[in-house]
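Just so it is clear, the values below take in all heavy atoms, side chains as well, and ignore hydrogens, waters and symmetry mates.
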Amino acid sequence: MLRLIARGATNRDIAGKLFITEATVKTHLLHIFAKLAVKDRAAAVTAAYETGLLKPAAESDHH
């Protein structure tokens with residue numbers, strides 16, 4: 001889900017791609033925000049890159 005958020009996906013986009021409801025996406029986002037101790041999508045993506053949960057596209061393409 002973080003990778004989709006980093007690519008600019010909306011809650012609707014994520015729901016469709018993962019075959020879940022938008023309400024479920026929102027719930028997951030709240031859990032992600034809590035675990036990363038952030039308040040919004042941009043901060044979650046930044047924290048994910050900083051902690052290594054997400055790798056820049058060039059790096060992840062090689063794995």
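Counting only heavy atoms from C-beta outward, the side chains of Asn11 and Arg41 approach each other to under 4.5 Å. Put simply, the side chain of Leu53 reaches to within 4.5 Å of the side chain of Leu36, judged on heavy atoms. For the pair His28 and Ile20, the minimum side-chain heavy-atom distance is below 4.5 Å. Within the 4.5 Å cutoff, no side-chain heavy atoms of Glu22 are placed close to those of Thr10. Proximity of Leu18 to Leu4: side-chain heavy atoms (C-beta onward) are separated by under 4.5 Å at one or more points.
The minimum heavy-atom distance between Ile32 and Ala44, with the atom names listed, is CG2-CB, 4.4 Å. Scanning both residues, Ala6 and Leu54, for their nearest heavy atoms gives CB-CD1, 4.0 Å. Summarising the geometry of Leu2 relative to Ala48, their closest heavy-atom pair is CD1-CB, 3.9 Å, with the distance given to 0.1 Å.
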I would like to know whether Leu29 and Met1 meet side chain to side chain contact (heavy atoms under 4.5 Å, CB included); could you show each step before the answer?
-> CA-CA 8 Å; Leu29 285 174; Met1 186 176 283; 4.1 Å; yes

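For Thr46, the side-chain contact (heavy atoms from CB on, under 4.5 Å) partners at least two apart in sequence or on another chain are Glu50.
To the nearest 0.5 Å, atom NZ of residue Lys26 and atom NE2 of residue His31 are 14.5 Å apart.
Checked by atom type, the side-chain pair Thr24/Thr21 shows a donor-acceptor distance below 3.5 Å.
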